[in-house]
2 protein chains.
Amino acid sequence: MRIGELATKTGVSVRALRYYEEQALLIPVRSSGGQRHYPDSAIDRVHLIQMLYAAGLSSRTILDLLPCVDAKVNTPQSRALIRAERGRIDQQITRLTQARDRLDAVIAFSESPASGCTRMDTTPQ
Amino acid sequence: MRIGELATKTGVSVRALRYYEEQALLIPVRSSGGQRHYPDSAIDRVHLIQMLYAAGLSSRTILDLLPCVDAKVNTPQSRALIRAERGRIDQQITRLTQARDRLDAVIAFSESPASGCTRMDTTPQ
DNA sequence: CTTGTCTCTCACGTCAACGTCAGGTTCTAG
DNA sequence: CTAGAACCTGACGTTGACGTGAGAGACAAG
């Protein structure tokens, strides 16, 4: 399929797909006229890339991880790399959980009768 | 205390503290000569700000949240705001957990005897 | 063949959270 | 009083993941 179709099927922009190619994350074949053509499997790969981006990984890190996730590469080094990134994600989850707990504490306090509630409204919308 | 001392005590840069003031997150008093002076409580506040930044919140969002966390503001709107941000953090935790699980699956597969392990080395360093 | 839609390659713009440099001022130790 | 450290205000630089045109080529439909 061409780039526009892949874009609509995955929900990412055409620009983003070109950027992925620039970062060597997703290399399409080219038609005689120079247009990009992607296989169906590209849909899943885009979703995977998006998942890793959403987890806060950089293009470079994703580039390093993809061959491992593809299970085409399986060396002690690649396993160490994956474990390292897993650790980073874990740390970030810890940080986010701490922040969430902090907000939960604020919520609990602000809703307790003991707090100096302005009481403009008791019934939540 | 002055800005340098606060910087070393909190581990953030002087530039960052000036930036926090620019974003109205932490307003110091000024000496007659124009130098910033912070109370001891600023240390905790910087740590709180750093925690929220680390959770991926923007300056603007933090600015909105701080009065609530300070428990100086407690309106239905402020509570809704906190819950909304809590929800965002929760979503991000979900995303991160999915990505982590994905990597775990890769790890499990790459370490299973069935995988085409290159077996360059069996003993981990 | 023409029209319209899609696509191509530059290449500059954006936004956030600072880093960094310049040139000048304030404070503190001796 | 004076040196030097710490501080001040601009103001431009950085990084990553794209957004946004500009101008030109590719391709299906009639």
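Numbers restart at 1 for each chain; the letters A, B, ... are given by sequence-line order, proteins then strands. For clarity, every value in this text was computed on a predicted model and none was experimentally measured.
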Q: Where do Y20(B) and S59(B) land on the side-chain hydrogen bond (donor to acceptor under 3.5 Å, both in side chains) test, with the steps shown first?
A: CA-CA 8 Å; Y20(B) 296 167; S59(B) 291; over 6 Å; no

Q: Would you check if Q98(A) and T94(A) make a side-chain contact, meaning some heavy-atom pair closer than 4.5 Å?
A: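 Yes - at least one pair of side-chain heavy atoms lies under 4.5 Å apart.
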
Q: Distance check, rounded to the nearest 0.5 Å: L63(B) atom CG versus L57(B) atom CG?
A: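 Rounded to the nearest 0.5 Å, the CG-CG separation comes to 12.0 Å.
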
Q: For DNA chain C, determine which residues of residues 2-27 of chain B have any heavy atom closer than 4.0 angstrom to one of its atoms, and list them numerically.
A: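 Contacting residues: R2(B), S13(B), R15(B), A16(B), Y19(B), Y20(B).
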
Q: So, R18(A) and E21(A), do they make that salt bridge, N to O below 4.0 Å?
A: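 A salt bridge is absent here (no side-chain N lies under 4.0 Å from a carboxylate O).
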
Q: Below 4.0 angstrom, which residues in residues 28-56 of chain A have at least one non-hydrogen atom near DNA chain C?
A: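 DNA chain C contact set from residues 28-56 of chain A: R30(A), G34(A), Q35(A), R36(A).
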
Q: Rounded to the Å, how far apart are L57(B) CG and dA17(C) C1'?
A: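 It is 14 Å, rounded to the nearest whole Å.
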
Q: May I ask you to decide whether E5(A) forms a salt bridge with R2(A), counting only side-chain N to carboxylate O separations under 4.0 Å?
A: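 No, E5(A) and R2(A) are not salt-bridged.
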
Q: Determine whether the side chains of R88(A) and Q91(A) contain a donor N or O and an acceptor N or O closer than 3.5 Å.
A: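 Side chains of R88(A) and Q91(A): no pair found under 3.5 Å.
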
Q: Can you confirm whether Y38(A) sits close enough to V46(A) that some side-chain heavy atom of one is under 4.5 Å from a side-chain heavy atom of the other?
A: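 No, side chains not in contact.
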
Q: Using residues 99-108 of chain B as the side-chain source, report each donor-acceptor pair under 3.5 Å to any protein atom, sequence neighbours left out, with the distance given to one decimal.
A:
{"unit_1": "R100(B)", "atom_1": "NH1", "unit_2": "D90(A)", "atom_2": "OD1", "d": "2.4"}
{"unit_1": "D104(B)", "atom_1": "OD1", "unit_2": "R86(A)", "atom_2": "NH1", "d": "2.6"}
{"unit_1": "D104(B)", "atom_1": "OD2", "unit_2": "R86(A)", "atom_2": "NH1", "d": "2.6"}

